[in-house]
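Here is how names work: the chains are called A, B, and so on, in the same order as the sequence lines, proteins then strands, and each is numbered from 1. Model, not experiment: these values are computed from the prediction.
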Amino acid sequence: MIDPTSIPPYLPEEIEPKWQARWEADALYEPSPDPSKPKHYALTMFAYPSGDLHIGHWYAMTPPDTRARFMRMRGYNVFFPIGHDAFGLPAENAAIKHNIHPKAWTYANIQRMDKQLRMMGNSFDWRSELITADPEYYKWTQWWFLQFLKNGFAYQKLAPVDFCPSCNTTLAREQVIGDDRHCERCDTPVIRKDLKQWFFRTTAHAEELLDYSQLDWPEHVKTLQRKWIGKSEGANVIFHTEAGDPIEVFTTRPDTLWGVTFMVLSPEHPLVDKITTEGRKAEVDAYRAQAKNQSDMQREAADREKTGVFTGGYAVNPVSGEHIPIWIADYVLMSYGSGAIMAVPAHDQRDFEFARAFNLPIKVVIQPEGTPAPDPDEMTEAVQAYGAMINSGPLTGTPAEESFETASKYVEEHQIGKRAVNYRLHDWLVSRQRYWGAPIPIIYCEHCGAVPVPEDQLPVLLPDDVEWMPTGESPLKLHPSWRFTTCPACGAPAERETDTMDTFVCSAWYHLRYLSPHYDNGPFDPEKFAYWMPVDTYTGGIEHATMHLIYTRFFHKAARDCGIVTGDEPMLQLRNQGMVLGEDGEKMSKSRGNVIAPDDLVKRYGADTVRAYLIFFSRWQMGGPWSSTGIEGNSRWLRRVWYMFQEPAEQGATEQTLRALRCKAHQTLRSITSDFENFEFNTIVSSLMELLNEMARAKNAGAWASAEWNEAVRLYLLMMAPVTPHIAEELWERMGYAYSIHQQPWPEVDEEATVEDKITLVVQINGKLRDRISLNPGFSDEQARSAALSSPVIQEALEGKTIKRVIVVPGKLVNVVV
RNA sequence: GCCGAAGUGGCGGAAUAGGCAGACGCGCGCGACUCAAAAUCGCGUACCUACGGGUAUGUGGGUUCGAUUCCCACCUUCGGCACCA
């Protein structure tokens, strides 16, 4: 029985700030390169400073912190940095809404969030803290841009871009969402615009990005990326119009060339004007105009009604010589392949639907195995499977397995095209017509063109005195004294580039800046790079699978090709957390009113309890609904630990009790060690609770103050230290151990102690549990068998039955088959 | 439509080189302490049962001595992609 008056109460609000201050003063988590120790770079995705720390931030950062702490105790030199992804649209939107400067808004948020971040009790290295909106950071973002430009990984082109009329900016392809193609931030439907834009050549590394051989990443993320990169192999084939103009098409099915019955060009295809005949011009122009405004109409496109118009022009099929009509249709995209296709309605579902809609001929050239060739008039869908080639001139009769190869070879030999690979991945559009970002370091000169800002003139500072209200132009365009300058090459009057960079550029290399955030001879200190890189464990949300995680891999490969970094991959191991949902099981949102605020929880329970609950309530990778009663259990757990370890009790336990206690303690240590290694956080807390239950029994049986009890307490504190660092440190001190618990080595399992006195042998009949027999450890299969068969329960059950077989699982189980 | 993840008590979730299903916690019930309550501590808690057992891990099959775990088909939920030639 615990008398709560005899020992001080557990007051997290006192001990947590106390230890946090001490750890920081003692620089406990500020590692330096140390070649005598194995290094571990644990990186958690930095956050956008939106105002307040959300419970989701805790979920993203605290379980990785427990693991970083574990790795530290295991003897690794651990680097666990923190920073702020500070450029971006929300600051400007807030600025517009509340009439406050984006910079002021952002930095005020960062200050508030820093305070909240410290309350978590994470082992961040605060020296590494960086803010991507600081000139000393974006100077180097600009520097990277210039290196990429120099090495051909950055280029400028006039491009149709998706533009959000509400945010007044262009959007990357992945920021446009859904059938109606709306903006990911404000849900406004996007429109198309032609602008001169800067791109990073991500496609240059498309093939290499598909190689995951060096990475321990979740299958799921790799699959998403592979799909996003979208590699397809086939051939580019040149058709010619009757007038002799070449039209290139990409096809993955060169074996269907003889089945082409028409061609379709994208409405934006440059040849459309030339091909269109006088009589068709009005209709074609009308269709193109309507296609251009597609943002709204794309919804209709989703029900797959095929639309299009005939241009009046004809092309010649290069293998058969047949003359085929050329159409335009919006199902052919200018942005993929060459913007033109050869249509094979018999063997492509989209072409089939188009042919049916406009009564175009269908020609069957593939005969799938085991079925007769389909009748074009009777077909209800395209036959897309490979098969033997028929009606295909000289290649007729080619079997399915060889059709792709043979047809490709045919195309190359007859010089009508060649094998080609196409990717769905596009080059990365990095220009943004926005104020709150890193200015693109380019100056336009009438004589010299686009001139890079010389490196010694970086950073190109973002001016503070701007009109940030949206006008459709970059706010920097409205700042004459900033905009107009002189050409660094020839000295003539010139203009600055007024676009800023996509914030994904900032976040593509922050893990490098963390190494030395104030280093000014380069983007990072090469010595630090050599020791710490690559990132060993990267953790964050799955939502970054296709954007950030592709960009950062590309960035590293491009930087490698520029000779700036070594290694092929920036982050070796990736793990994703799930999402904390509201108590109603729905995504947390202000409008639903189901938001859980971590500050309130810390006030009420203390950070240790919040940490413990977040780790305990579900598998980290899975996430799940919050429970305000569930957290009570973790609060109780810590109070129980507090009193149980401090409150003396009667002594005089039996040998057996003490052995069992020691056994359980070491078994727990073994399982927790492997749980930490495998990111199985929830069972760490379960195991600790189980051990505590065992300790409560042992204490009741007189184990208090025995050597076994003291060892169990010591192990317990060490095991809970990564999860609940404050209470562990406090009790560690109260038990008389030397500061700091967080600098102790992780304890070793005594394997001998984990062997139990008695082992329960499970006896089944026909796979059904019938009896349990307690045996001494180390029994043989034969002993298990005879013990099972001689059990009275089993003998009774076996009466009148014949034993067919007896299966023995060594040390565990006997199954009698009758 | 395609791709991926997941379906286990009242709830969150344990357990998978195939071997005691439901660890741990919440909730609930009973008891102790208390004038009483809270807190705390102890015990119990899948379902059915003629008390011998029987049935249960989304549904239906299969492999196996034995399946939550492996295979096939289907259903549901969540996430991603969406005419990519």
Side-chain angles (χ1 to χ4, degrees), chain A residues 1-4 174 177-179 218-224 226-228 230-232 234 249-253 256 264 266 298 301-306 329-333 335-344 347-351 353-354 422-426 542-543 545-546 578-579 581 585 587 612-613 616-619 621-634 636-637 639-640 643 680 682-693 696 700 760-772 804-810 812-818:
Chain A
M1 181 59 48
I2 285 167
D3 175 7
E174 44 274 30
I177 299 185
D179 295 342
E219 269 322 305
H220 180 51
V221 173
K222 293 193 276 188
T223 306
L224 280 173
R226 280 196 200 101
K227 269 201 90 170
W228 189 264
K231 178 181 182 173
S232 36
V249 300
F250 175 70
T251 179
T252 54
R253 294 294 300 272
T256 63
V264 187
S266 158
Q298 209 93 23
D303 12 290
R304 280 144 221 244
E305 275 297 305
K306 290 282 180 292
D330 59 12
Y331 82 90
V332 176
L333 312 171
S335 54
Y336 185 79
S338 59
I341 62 156
M342 57 179 230
V344 188
H347 306 295
D348 181 283
Q349 185 59 23
R350 295 151 305 178
D351 298 345
E353 285 164 20
F354 195 79
N422 241 298
Y423 299 93
R424 186 180 167 278
L425 183 76
H426 285 45
I542 187 74
E543 67 273 17
T546 51
M579 204 191 292
L581 305 172
K587 207 169 160 172
Y613 179 68
F616 173 74
F617 85 97
S618 176
R619 201 182 304 173
Q621 291 84 338
M622 216 71 89
W626 179 267
S627 162
S628 51
T629 49
I631 192 175
E632 297 282 351
N634 294 85
R636 248 170 246 163
W637 170 50
R639 275 199 308 266
R640 255 186 108 196
Y643 292 111
E680 281 158 10
N682 56 338
T683 44
I684 291 170
V685 177
S686 307
S687 304
L688 284 171
M689 288 172 165
E690 246 184 278
L691 175 56
L692 195 70
N693 291 340
N700 282 342
T760 306
L761 178 72
V762 174
V763 186
Q764 298 178 331
I765 294 177
N766 286 342
K768 282 190 178 157
L769 175 71
R770 280 299 126 100
D771 196 16
R772 292 182 178 129
K804 280 194 196 150
R805 246 172 103 184
V806 177
I807 288 145
V808 181
V809 180
K812 265 191 185 168
L813 175 145
V814 175
N815 188 18
V816 184
V817 185
V818 297

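The interatomic distance linking Arg253(A) (CZ) with rC84(B) (P) rounds to 14 Å, in whole Å. Taking atom CD1 of Ile684(A) as the reference point, atom C1' of rA23(B) lies 15 Å away to the nearest angstrom. Rounded to an integer number of Å, the gap from CD of Glu353(A) to P of rA85(B) is 16 Å.
Taking the syn range as angles within 90° of 0, the glycosidic angle of rG9(B) is syn. Classification of rG52(B) as syn follows from a glycosidic angle within 90° of 0.
Nucleic acid contact for Ser687(A): none, since no nucleic acid atom lies under 4.0 Å from a heavy atom of the residue. Within 4.0 Å (heavy atoms only), Asn693(A) reaches sugar-phosphate atoms of the nucleic acid but no base atom. Within 4.0 Å (heavy atoms only), Val332(A) reaches at least one base atom of the nucleic acid. Counting non-hydrogen atoms under 4.0 angstrom, Gly623(A) reaches the backbone sugars and phosphates but no base. Phe617(A) comes within 4.0 angstrom of the backbone, heavy atoms only, and of no base.
Annotation: rG52(B) and rG42(B) have their P atoms spaced 32 Å apart (nearest Å). For rG18(B) and rC72(B), the P atoms lie 16 Å apart once the distance is rounded to whole Å. Comparing rA5(B) with rG19(B), their C1' atoms are spaced 28 Å from each other, to the whole Å. Of the C1' atoms belonging to rC51(B) and rG61(B), the separation is 34 Å, rounded to the nearest Å. Look at the C1' atom in both rG60(B) and rG53(B): the space between them is 27 Å, to the nearest Å. Separation of the P atoms belonging to rG66(B) and rC20(B) is 15 Å when rounded to the nearest angstrom. Using P as the reference atom, rA15(B) and rU68(B) are 16 Å apart when rounded to the nearest Å. The P atoms of rU64(B) and rC81(B) are separated by 43 Å, rounded to the nearest whole Å.
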Are there any protein N/O atoms within less than 3.5 Å of an N/O atom in nucleotides 2-9 of chain B, and if so, which ones and at what distance?
residue, atom, partner, partner atom, Å
rG4(B), O2', His220(A), ND1, 2.5

Which atom pairs link the protein and nucleotides 19-22 of chain B when you take only N or O atoms and keep those under 3.5 Å?
residue, atom, partner, partner atom, Å
rG19(B), N2, Gln764(A), OE1, 3.2
rG19(B), N2, Asn815(A), ND2, 3.3
rC20(B), O2, Arg772(A), NE, 2.6
rC20(B), O2, Arg772(A), NH2, 2.4

Return the polar atom pairs (N/O with N/O) between nucleotides 67-71 of chain B and the protein under 3.5 Å, or none.
none

Find every protein N or O atom lying less than 3.5 Å from an N or O atom of nucleotides 47-53 of chain B, and list the pairs.
none

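Listed pair Arg636(A) / rG27(B) meets the phosphate criterion, a side-chain N or O lying under 4.0 Å from OP1 or OP2. Proximity of Lys768(A) to the phosphate of rU55(B): a side-chain N or O atom is located under 4.0 Å from OP1 or OP2. Residue Asn682(A) places at least one side-chain N or O under 4.0 Å from the OP1 or OP2 atom of rA14(B). At rC65(B), one or more side-chain N or O atoms of Arg805(A) fall inside 4.0 Å of OP1 or OP2 (strictly under the cut-off). Between rG25(B) and Ser627(A), no contact under 4.0 Å exists linking OP1 or OP2 to a side-chain N or O.
Closest-nucleotide positions on RNA chain B for Ser618(A) and Arg350(A) were compared, and the one nearer the 5' end corresponds to Ser618(A).
Closest to the Arg424(A) side chain, of the nucleotides rA85(B), rC83(B), rC84(B), is rC84(B).
Side-chain contact annotation: Asn693(A) with Arg640(A), donor-acceptor N/O pair under 3.5 Å present. Using modelled atom types, one finds no donor on one side chain facing an acceptor on the other under 3.5 Å when comparing Tyr613(A) with Ser628(A).
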**OP:** Give the dot-bracket string for RNA chain B, reading 5' to 3', where a pair is Watson-Crick or G-U wobble with both distances under 3.5 Å, ( ) marks pairs inside the strand, [ ] marks pairs crossing earlier ones, | marks a partner on another strand, and . marks unpaired.
**Re:** (((((((..(((......[....)))((((((.......))))))(((....)))..(((((..]....))))))))))))....

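Residues meeting the salt bridge (charged side-chain N to carboxylate O under 4.0 Å, His left out) test with Asp348(A), sequence neighbours left out: Arg350(A).
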